[in-house]
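Each remark here refers to the structure printed beneath this line.
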2 protein chains.
Amino acid sequence: MKKKITIKLKQNDYKMTEQRETVLEVMLKNRGKHLSAEEVLEKARKKSPGIGIATVYRTLEKLTEMEVLYKTVFEGGKFRYELYDDAGSKQQHHHHHIICLKCGKITEVQEDLLSGLEQKIESQGFKIIDHDLKFFGYCPNCK
Amino acid sequence: MKKKITIKLKQNDYKMTEQRETVLEVMLKNRGKHLSAEEVLEKARKKSPGIGIATVYRTLEKLTEMEVLYKTVFEGGKFRYELYDDAGSKQQHHHHHIICLKCGKITEVQEDLLSGLEQKIESQGFKIIDHDLKFFGYCPNCK
DNA sequence: AGACATTTGATAATGATTATCATTATAGAT
DNA sequence: ATCTATAATGATAATCATTATCAAATGTCT
Ligand SMILES: [Mn+2]
Ligand SMILES: [Mn+2]
Ligand SMILES: [Zn+2]
Ligand SMILES: [Zn+2]
């Protein structure tokens, strides 16, 4: 995985630096979590104490372009990043999220069930590349 | 519609002011559009030239709380507001959006097709209140 | 090791949204 | 219609996340 991404970087004339490796490791170690740039910074400093917030933003952005990370807005209007389900290989679709309106917990839903709807939309002349589906409600604890 | 909302305001000890009425009229006249606060300000000033941006934000926020408006982030990381499909009455669900990655056009999808998935999720102990589904791809013109 | 382009970190700038506060307007009581 | 209490407004400052700038440091290739 890490090796695959290093190769991808080189193909695009990007260098593999200590900081980029650290950010990547943070994301790999936190699969299933949805981290803000500040949270990534905090974790990255454990390994690379000197790393700056600008580098974290730049690296997250680059990994998002490369489709290693998925970037989206949850509540609070700031971006959060997570590993793509199948980071490294050609990416198609993304799992869904349930956000608890009381405790803020984020639960992932793996079932897709959108292909029917996507087919209907494509039959009207669109080409669908990806989707982003969030459910808002209450988790079992807060219901 | 406007009357219904005025009554709702009163029930919550809010006053109906010229500015609130203007913002509401802007939103009613632009059903199907997705306006930023700045865009609402611009349109509102046609009728109430002195209105300030802070009042626009406050009013949009209030109407969102009251479930007259729906607030969401499209591309660019800023909030946009639109009338709820059935603004005024008890609100359940919301239509979906297709965002063209080339020209930015936003198309609405009325078909729901999520009830199956929602039922499956609720059978796992969640309570679903609303959802937000966006498709990313290319519109017929840009495909 | 040396050359050169890329990357980094500190910090300034930006842009959207929210908070502050003195002034003004609204709704209900008189 | 006037008065009063309270809520709302507009100007502007503050905040917060993100992006831009730039001199110094680093990675890659020879
Ligand atoms: Mn996720
Ligand atoms: Mn819409
Ligand atoms: Zn919860
Ligand atoms: Zn298009």
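Here is the naming used below: chain letters follow the sequence lines, and residue numbers restart at 1 for every chain.
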Classify the nucleic acid contact of [X] as base, sugar-phosphate or nothing, counting any heavy atom under 4.0 Å across all strands shown.
X: B/Q19; answer: sugar-phosphate
X: A/K15; answer: base
X: A/R58; answer: base
X: A/G77; answer: nothing

Tell me which of A/I53 and A/K62 sits closer to the 5' end of DNA chain C, going by the nucleotide each one is nearest to.
A/K62
Identified side-chain hydrogen bond (donor to acceptor under 3.5 Å, both in side chains) counterpart of B/H34 within the set B/R80, B/E39, B/E108
B/E108
Spacing of [X] atom [atom1] relative to [N] atom [atom2], expressed in whole Å:
X: A/L35; N: D/dA17; atom1: CG; atom2: P; answer: 15 Å
X: A/E61; N: C/dT6; atom1: CD; atom2: C1'; answer: 18 Å
X: A/I51; N: C/dT7; atom1: CD1; atom2: C1'; answer: 11 Å
X: B/L41; N: D/dA11; atom1: CG; atom2: P; answer: 10 Å
X: B/E18; N: C/dT26; atom1: CD; atom2: P; answer: 8 Å
X: A/R80; N: D/dT18; atom1: CZ; atom2: C1'; answer: 15 Å
X: B/M16; N: C/dT26; atom1: CE; atom2: P; answer: 12 Å
X: A/E38; N: D/dA17; atom1: CD; atom2: C1'; answer: 9 Å

Does B/K134 make a cation-pi contact with B/F74, if we ask for NZ or CZ under 6.0 Å from the ring centre and within 45° of the axis?
yes
Quick check with a 6.0 Å cut-off and a 45 degree axis cone: is B/K71 positioned over the face of B/F79's six-membered ring?
yes
Does the side chain of A/T17 get closer than 4.0 angstrom to OP1 or OP2 of D/dG27 through an N or O atom?
no
Would you please confirm or rule out a distance under 4.0 Å between OP1 or OP2 of C/dT18 and any side-chain N or O of B/Y57?
no
From the list C/dA16, C/dT8, D/dA8, which nucleotide is the closest neighbour of the side chain of B/R20?
D/dA8
Winner on side-chain proximity to B/A54, out of C/dA27, D/dT18, D/dA11, is D/dA11
Is the distance between the ring centroids of A/H97 and A/F135 less than 6.0 Å?
no
For A/H131 together with B/F136, are the ring centres under 6.0 Å from each other?
no
